[in-house]
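Written out below as structure tokens is the structure these notes cover.
Here is how names work: the chains are called A, B, and so on, in the same order as the sequence lines, proteins then strands, and each is numbered from 1.
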Amino acid sequence: MRVASWNINGVKARIEALVDWLGRAQPDVACLQEIKSVDEGFPAAPIEALGYNVATVGQKGFNGVAILAKRPFEVTERALPGDPDDAQARYIEAVVPGEDGRAVRIGNLYLPNGNPIGTDKFAYKLAWMARLAAHARGLLALEEPVVLAGDYNVIPEPRDAKRPEAWVGDALFQPESRGAFAALAHLGYTDALRAVTDAAGLYTFWDYQAGAFQKDDGIRIDHLMLSPQAADRLVSVRIDRAVRAGDKPSDHVPIIAELA
DNA sequence: ATGGTTGGTAGCCAA
């Protein structure tokens, strides 16, 4: 089963690129973030025409997540548990059947950016990460294959940035952010990319500004975190870097894992 | 150190 995550930065601005990429990459499951659309505005028709089932948790203008899967699936969460007052559309979870009937639980998350540090936005990010850890811990008790996929807005380590020194004052690289991400690994989740390579220079995001992509001035902030039962089935991981060089690209590119 | 770019919405915000 191929599982992908892609912060698409506006699904309506990207629908052509999305259809093109789905046709080439052929993921069984695609988790999208920053769809920037309400549910009714999501352009489902061209995606369904490719054979995908679609579920969205949208909001007007900002945020928003979607799960696309070739097989019909059951949505199990439409928000991250732990704060009923949190109105931001940043989480959707589903159980997706595999070809052999073995299901994989997919949590699709758009973690708060948190900038600037020292504001309520950074506090919201850390509170959101605490809720994520609590939910992730609960999922482990199910002893199922679980993939927590998404834009984590966390640079885990210096080797995950071309210029780590440029990010020291940024919410994405704060010790608290990195520590909360590392805590997921300590719970028992595996960073899929790091399970297959120790290489530096593997990025999923390049800013639109100042020719960042041309300079390869990127960061790795889109991650696939695997429960032990999912990690046992991990075959390969790749970052679809070429998408960033395409027409009207998102500032993020897809990351795709193959599970046996 | 600053400014650079994009999407969605509305007369700027978030990234």
Side-chain angles (χ1 to χ4, degrees), chain A residues 5-21 31-44 46-47 56-66 80 86-91 108-129 132 149-156 160-174 176-178 180-181 203-223 239-255:
Chain A
S5 176
W6 187 14
N7 179 320
I8 197 166
N9 188 23
V11 69
K12 289 170 219 162
R14 216 72 63 208
I15 185 61
E16 211 168 306
L18 174 60
V19 165
D20 182 57
W21 174 76
C31 298
L32 306 179
Q33 304 87 35
E34 275 203 277
I35 62 173
K36 295 186 176 179
S37 169
V38 294
D39 295 336
E40 311 80 67
F42 189 91
I47 296 164
T56 63
V57 171
Q59 79 180 77
K60 187 177 175 182
F62 307 103
N63 307 323
V65 287
L80 183 64
D86 185 357
Q88 298 193 27
R90 295 182 175 276
Y91 191 78
N108 176 17
L109 60 105
Y110 175 46
L111 208 146
N113 175 295
N115 278 304
I117 59 174
T119 66
D120 56 341
K121 293 190 175 187
F122 189 60
Y124 174 63
K125 177 180 194 146
L126 295 183
W128 207 95
M129 294 189 84
L132 178 62
D151 177 359
Y152 281 73
N153 269 315
V154 175
I155 304 165
D160 296 312
K162 172 79 162 211
R163 297 185 304 125
E165 69 279 6
W167 298 92
V168 292
D170 195 284
L172 279 58
F173 199 51
Q174 290 310 291
E176 297 94 326
S177 311
R178 294 170 57 191
F181 182 79
Y203 310 130
T204 63
F205 169 92
W206 298 259
D207 203 287
Y208 286 123
Q209 303 181 84
F213 184 62
Q214 287 67 27
K215 293 185 255 184
D216 196 24
D217 184 6
I219 52 177
R220 187 174 75 93
I221 57 175
D222 300 272
H223 308 297
I239 294 169
D240 205 343
R241 180 191 168 92
V243 167
R244 188 63 176 81
D247 224 36
K248 283 209 0 144
S250 169
D251 40 7
H252 297 247
V253 296
I255 175 170

Grab the [atom1]-[atom2] distance between [X] and [N] for me, whole Å please.
X	N	atom1	atom2	value
A:Lys248	B:dT6	NZ	C1'	9 Å
A:Ile15	B:dG7	CD1	P	14 Å
A:Lys12	B:dG7	NZ	C1'	10 Å
A:Leu32	B:dG7	CG	P	16 Å

*asked:* Other residues, nucleotides and ligands only: do more than 12 of their heavy atoms fall within 6.0 Å of CD on A:Glu16?
replied: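 For A:Glu16, atom CD is not crowded (no more than 12 foreign heavy atoms under 6.0 Å).
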
*How does DNA chain B read in dot-bracket, base by base from 5' to 3', with Watson-Crick or G-U pairs under 3.5 Å and | used when the partner is on another strand?*
....((((...))))

Using a cutoff of under 3.5 Å, can you pull out all pairs of nitrogen or oxygen atoms linking the protein to nucleotides 11-15 of chain B, with atom names and distances?
unit_1 : atom_1 : unit_2   : atom_2 : d
B:dA14 : OP2    : A:Lys121 : NZ     : 3.4

Can you tell me, in whole Å, how much space there is between the [atom1] of [N] and that of [M]?
N	M	atom1	answer
B:dA15	B:dT9	P	15 Å
B:dG8	B:dG4	P	23 Å
B:dT2	B:dT6	P	23 Å

To the closest 0.5 Å, what do you measure between [atom1] ([X]) and [atom2] ([Y])?
X	Y	atom1	atom2	value
A:Ile8	A:Leu18	CD1	CG	4.0 Å
A:His223	A:Ile155	NE2	CD1	8.5 Å
A:Ile15	A:Ile47	CD1	CD1	4.0 Å

*Out of A:Asn63, A:Val11, A:Leu111, A:Asp151, which one pairs with A:Gln33 under the side chain to side chain contact (heavy atoms under 4.5 Å, CB included) rule?*
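Answer to the side chain to side chain contact (heavy atoms under 4.5 Å, CB included) test with A:Gln33 among A:Asn63, A:Val11, A:Leu111, A:Asp151: A:Asp151.
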
*asked:* For A:Asn9, give me all partners under side chain to side chain donor-acceptor pair (under 3.5 Å), at least two apart in sequence or on another chain.
replied: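 Listed in chain order: A:Lys36, A:Tyr208.
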
Any heavy-atom pair between the side chains of [Y] and [X] that's under 4.5 Å?
X	Y	result
A:Leu109	A:Val65	no
A:Ser177	A:Phe122	yes
A:Leu32	A:Phe42	yes

_A:Lys60 or A:Ala210, whichever maps to the more 5' nucleotide of DNA chain B_ =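 The answer here is A:Ala210.
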
